[in-house]
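Quick notes on the structure that follows.
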Amino acid sequence: MSVAIKAVRGVHDILPADTPRWQRVEATARRVFEAHGYHEIRPPIFERTELFARGIGELTDIVQKEMYTFEDKGGESLTLRPEATASVLRAYVEHGLHVQPKPVRLYTIGPMFRYERPQAGRYRQFHQLNLEAVGEVHPGLDAEVIAVLMELFQGVGLADRLTLALNSIGDPACRPAYREKLVEYLRRRAAELCQECRERAERNPLRVLDCKKPGCQPVLDEAPSILDALCRECAEHFAHVRRYLEAMALPYRVTPRLVRGFDYYVRTTFELLTGELGAQNAVAGGGRYDGLVQLLGGPPDPGIGFAVGMERVVLLLSSDSNKAGPLALLIPLGDAALLRLFPVAQAVRKQGAVVELGYGVRRLRSELDRANRLKVPYAVIVGESELEKGEALIREMTSGAQRVVPLSRLEGELMTLAGRR
RNA sequence: GUGAGCGUAGCUCAAUUGGUUAGAGCACUGGACUGUGGCUCCAGGGGUUGAGGGUUCAAUUCCCUUCGCUCACCCCA
């Protein structure tokens with residue numbers, strides 16, 4: 001025997017025991033998204049490396065060390081997408097979707113790839129639901145997008161186990177000034193910060209704010225808040241978003257220290273948080289990205305969107321989903337009976353009933369045993385004597401009651417039973 | 001990339017200070033029971049003990065390397 005090949009590190013098979021949960025989440029997402037006027041788009045899962053470098057930001061961790069980048073045979077540098085927004089917006093620009101009435105509402109579902117050490121709720125290939133609304137600056141759109149997100153989680157029954165964290169991180173008009181103020185503050189209290197925060201204070205000061213080390217907390221608690229430093233436009237935008245959310249009775253928690261990992265975010269940012277997933281507490285995250293479309297070579301269209309981590313959602317969902325098994329096991333005894341039952345099985349399957357067909361080689365006892373373990377409600381027995389008389393036995397498994405039906409009417413009988421289920 | 005813990009059958013786990021042929025339950029297949037299931041009993045298939053090397057008369061057990069898993073850091077969905 002040769003050595004078995006195993007799956008690559010950080011990726012995983014989604015087995016039949018789990019796929020019902022995945023399907024439930026996907027179906028709910030499609031229903032909710034479509035109900036709000038969003039349409040599916042399916043971009044490729046790899047792109048020119050430059051798209052992500054430009055879109056996500058050269059200096060982000062994702063671009064610097066987490067991308068699956070390779071050269072194709074033509075010598076071009078390609079990258080498996082680490083996130084979907086850049087691809088969706090690239091397609092938006094490339095195919096002129098911006099000529100449609102704004103906002104343009106899009107969503108996509110699929111795998112993402114990041115080269116990270118796997119951990120609870122974190123994988124190298126993982127799956128996201130992505131929703132994007134492009135071409136509108138009005139804060140009503142921010143509220144709409146967040147409302148769609150919340151409705152999705154109400155739909156899968158997780159809304160009350162999650163909290164919505166909301167923040168505004170300003171825009172190019174006000175963030176630089178805040179950044180200066182923050183750096184100044186962090187320098188002043190550098191002695192009280194951990195080594196890493198001290199280094200980051202120079203490189204990427206905003207990220208210092210979400211350091212989880214207890215030692216840093218007091219310093220960060222007293223740090224100047226971005227919300228006090230917003231320019232008038234950003235402050236008004238944020239106030240409106242909050243008012244709309246309140247009008248829809250959507251609870252949220254203002255979290256001035258919420259910072260996100262992509263450079264492109266401006267103004268509104270948000271995350272859906274859980275305490276049930278260890279260190280991976282974000283189930284979904286998103287924000288506004290005015291300026292990104294232009295950065296990617298398109299028109300100056302603003303936009304906002306979010307990503308939902310499917311693995312994390314599925315982990316929160318109980319595995320109670322009991323899939324419906326087959327309606328019946330058809331048991332032929334001998335090849336002649338199998339020849340007679342094959343077309344019947346195909347006919348009812350074509351009409352949507354799920355039946356399993358034996359091959360006529362096992363004993364009746366074993367087949368009934370199998371029917372029992374398959375948990376089918378009915379078994380259909382056709383042996384030599386039935387075949388001679390043109391009959392079939394329909395056995396009701398829980399009671400053991402059997403009745404005789406003509407073989408010619410078996411298909412109809414099965415469909416009646418299927419309808420009753 | 002850093003750190004810690006763990007790798008024995010498809011699954012959950014045993015195996016004495018290092019000691020003979022690595023076991024059990026569940027699951028799977030068959031039989032007891034010529035064509036009537038759930039219970040019971042019996043049997044069978046399935047393991048390079050993650051891989052490679054070392055110490056030893058002898059390694060699942062001790063040591064090294066490596067791979068993988070898990071958790072945390074980091075980062076994020």
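Remember, predicted model here, so these are calculated numbers, not experimental data. Just so it is clear, the values below take in all heavy atoms, side chains as well, and ignore hydrogens, waters and symmetry mates. Below, read A as the first sequence line, B as the second, and so on, with proteins coming before strands; counting in each chain starts at 1.
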CG of Leu158(A) versus P of rA77(B): gap in Å, rounded?
18 Å
Could you state the CD1-P distance from Ile331(A) to rG35(B), rounded to the nearest angstrom?
12 Å
rU36(B) - base-pair partner by Watson-Crick or wobble geometry, distances under 3.5 Å
none
In terms of side-chain heavy atoms of Ala120(A), which of rA77(B), rU36(B), rA72(B) is nearest?
rA72(B)
Please tell me if Arg122(A) has a side-chain N or O lying less than 4.0 Å from either OP1 or OP2 of rC74(B).
no
Any idea which of rU36(B), rC76(B), rA77(B) is nearest the Gln402(A) side chain?
rU36(B)
Look through every strand shown and name the nucleotide pairing with rG25(B) as Watson-Crick or G-U wobble, where both distances are under 3.5 Å.
rC11(B)
Residue pairs passing the ring pair (Phe, Tyr, Trp, His ring centres under 6.0 Å) test with at least one member in residues 32-59 of chain A, sequence neighbours excluded, are Phe33(A)-Tyr107(A)
If we call it a pair only when both distances are under 3.5 Å in a Watson-Crick or G-U wobble match, what pairs with rC57(B)?
rG19(B)
Side-chain donor-acceptor pair under 3.5 Å between Glu144(A) and Tyr244(A), yes or no?
no
With sugar-phosphate meaning primed atoms plus P, OP1 and OP2, does Gly383(A) contact a base, only sugar-phosphate, or nothing at under 4.0 Å between heavy atoms?
base
Sorted by chain and number, sequence neighbours left out, ring-ring contact (aromatic ring centres under 6.0 Å, His included) with Phe270(A) holds for none
For atom CD of Glu367(A) and atom P of rU34(B), their distance in whole Å
16 Å
Would you say Glu413(A)'s side chain and Val405(A)'s backbone share a donor-acceptor pair under 3.5 angstrom?
no
Go through the N and O atoms of the side chain of Arg365(A) and the base of rG30(B), and report whether any donor-acceptor pair is under 3.5 Å.
no
Distance, rounded to the nearest Å, where Arg373(A) contributes CZ and rG37(B) contributes P:
13 Å
Is a donor-acceptor contact shorter than 3.5 angstrom present between the side chain of Glu386(A) and the base of rG35(B)?
yes
Residues of residues 301-310 of chain A with any non-hydrogen atom less than 4.0 angstrom from an atom of RNA chain B: list those, numerically ordered, please.
Ala307(A), Gly309(A)
Just by distance, no angles: are the side chains of Tyr92(A) and Asp301(A) close enough, under 3.5 Å, to form a donor-acceptor pair?
yes
Are Arg124(A) and rC76(B) close enough that a side-chain N or O sits under 4.0 Å from OP1 or OP2?
no
Protein-nucleotide distance (Leu258(A), atom CG; rC76(B), atom P), rounded to Å
11 Å
Find the distance Phe126(A):CZ to rC76(B):C1' and express it as a whole number of Å.
7 Å
Respond yes when some side-chain nitrogen or oxygen of Arg9(A) is under 4.0 Å from OP1 or OP2 of rC67(B), and no when none is.
no
Between the base of rG37(B) and the side chain of Asp369(A), is there any donor-acceptor pair under 3.5 Å?
no
Watson-Crick or G-U wobble partner of rU70(B), both distances under 3.5 Å
rA4(B)
Among the nucleotides rU36(B), rG37(B), rC74(B), which one has an atom lying closest to any side-chain atom of Leu364(A)?
rU36(B)
Would you say rA32(B) has OP1 or OP2 under 4.0 Å from some side-chain N or O of Arg363(A)?
yes
Does one side chain, of Thr85(A) or Glu132(A), offer a donor that lies under 3.5 Å from an acceptor on the other?
yes
Is Arg395(A) side chain donor-acceptor paired with the rG37(B) base, going by distance under 3.5 Å alone?
yes
Here the distance between atom P of rG68(B) and atom CZ of Arg117(A), to the nearest Å, is 9 Å
Tell me whether the side-chain N or O atoms of Ser366(A) pair up with the base of rG30(B) as donor and acceptor below 3.5 Å, since no angle test is needed here.
no
Would you say the side-chain atoms of Ser168(A) and Thr268(A) include a donor-acceptor pair closer than 3.5 Å?
no
Regarding Glu71(A) and Ser77(A), is there a side-chain donor-to-acceptor distance under 3.5 Å anywhere?
no
Mind checking who rG30(B) pairs with, Watson-Crick or G-U wobble, both distances under 3.5 Å?
rC42(B)
Given the ring of Tyr115(A), does Arg124(A) sit roughly above its face, with NZ or CZ under 6.0 Å from the centre of the six-membered ring and within 45° of the axis?
yes
So does Gln119(A) get a side-chain nitrogen or oxygen closer than 4.0 Å to the phosphate oxygens (OP1/OP2) of rA72(B)?
yes
